[in-house]
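A short write-up of the structure that comes next.
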Amino acid sequence: QVQLVESGGGLVQAGGSLRLSCAASGRTFSSSAMAWFRQLPGKERDFVAASNWGGRSTYYADSVKGRFTISRDNAKNTVFLQMNSLKPEDTAVYYCAAANRVIGGVGATEYDYWGQGTQVTVSS
C-alpha cells in the first residue's frame with residue numbers, strides 16, 4: 001500500500017523558516033514527479049512546488065518563488081520543501097503528492113497519491 005507521510009509543520013513567526021519532509025513507502029518514487037500543494041479551509045488545493053523525476057527540473061508558484069525550495073532524496077524515497085522568509089499568507093495545510101509519471105504539472109488532478117497533510121501556521 002502506497003503511503004506518503006508529511007512532517008515538519010508547525011508554528012513559526014513571520015520571517016522564519018520551516019522544512020517539510022514527505023516520506024514515501026509502498027513503492028519507489030524515483031521515477032515519479034512529486035509536488036507540494038497547500039490548502040486553506042473551504043478553498044481549493046493550490047500548487048506550491050514540483051520536482052520532475054530526477055530532481056533537476058523544478059518549478060514553483062509565483063507566490064513562493066525565491067523563498068521555497070523543493071528537493072528530493074530518491075535513495076530515501078523522500079521529498080522536502082524548504083520554506084524561508086515565511087509570511088502569514090503561507091499559513092495552510094501542506095500536502096505532498098506523487099504522480100505515476102516522470103513529469104508532473106501544477107494541477108492537483110495530475111497527481112495520484114497524496115499525504116494526509118501537515119499544518120503550517122505563520123504568525124505576524
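It should be emphasised that the depicted structure is a prediction, and the values quoted were computed from it without experimental measurement.
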Legend entry - K65 and D62 ion-paired at < 4.0 Å: yes

Inset, instruction - Could you pull out the closest heavy-atom pair between G16 and V12, with the gap in Å? - result: CA-CG2, 3.9 Å

Inset, instruction - Rounded to the nearest 0.5 Å, what's the gap from OG on S32 to CG on N52? Could you check? - result: 11.0 Å

Inset, instruction - For residues G105 and A50, report the shortest heavy-atom separation together with the two atoms involved. - result: O-CB, 4.4 Å

Legend entry - Exam field: side chain R72 to backbone A33, donor-acceptor pair closer than 3.5 Å: no

Inset, instruction - Using the rule that two of Ile, Leu, Val, Met, Phe, Trp, Tyr join whenever any of their side-chain heavy atoms come within less than 4.5 Å, decide whether V106 and V48 are in one cluster. - result: no

Inset, instruction - Mind checking the CZ-CH2 spacing from F47 to W36? Nearest 0.5 Å is all I need. - result: 13.0 Å

Legend entry - Nearest heavy atoms of A98 and L4, plus distance in Å: N-CD1, 3.9 Å

Inset, instruction - Return the orientation label for the Y94 and F68 ring planes: parallel under 30°, perpendicular over 60°, tilted otherwise. - result: tilted

Legend entry - Side-chain donor or acceptor of S31 paired with backbone N/O of V102 under 3.5 Å: no

Legend entry - Expected output: side-chain Y95 to main-chain E6 donor-acceptor under 3.5 Å: no

Inset, instruction - Just do the side-chain contact (heavy atoms from CB on, under 4.5 Å) check on L20 and V120 with the steps written out, would you? - result: CA-CA 9 Å; L20 305 184; V120 171; 4.1 Å; yes

Inset, instruction - Kindly compute the distance separating OG1 (T69) from CZ (F80), expressed to the nearest 0.5 Å. - result: 13.0 Å

Legend entry - For L81 against A49, the heavy-atom pair lying closest together: CD1-CB, 4.2 Å

Legend entry - Donor-acceptor contact present, side-chain Q39 to main-chain A92, <3.5 Å: no

Inset, instruction - Rounded to the nearest 0.5 Å, what's the gap from CE on M34 to OG on S71? Could you check? - result: 11.0 Å

Legend entry - Main-chain N/O of W53 paired with N74 side-chain donor or acceptor, under 3.5 Å: yes

Legend entry - Over all atoms of both residues, closest heavy-atom pair of W114 and A108: CZ2-O, 3.4 Å

Inset, instruction - Provide the closest heavy-atom pair for V79 versus I70 in the form atom of the first, atom of the second, distance. - result: CG2-CG1, 3.8 Å

Legend entry - Point-to-point distance, once rounded to the nearest 0.5 Å, from CD of Q119 to CG of L11: 9.5 Å

Legend entry - Rounded distance (nearest 0.5 Å) linking atom CG of L18 with atom CG of D90: 10.0 Å

Inset, instruction - Start with the C-alpha distance between S21 and K76, add both sets of side-chain angles, then the distance that settles side-chain contact (heavy atoms from CB on, under 4.5 Å), and finish with yes or no. - result: CA-CA 11 Å; S21 299; K76 296 182 178 179; over 6 Å; no

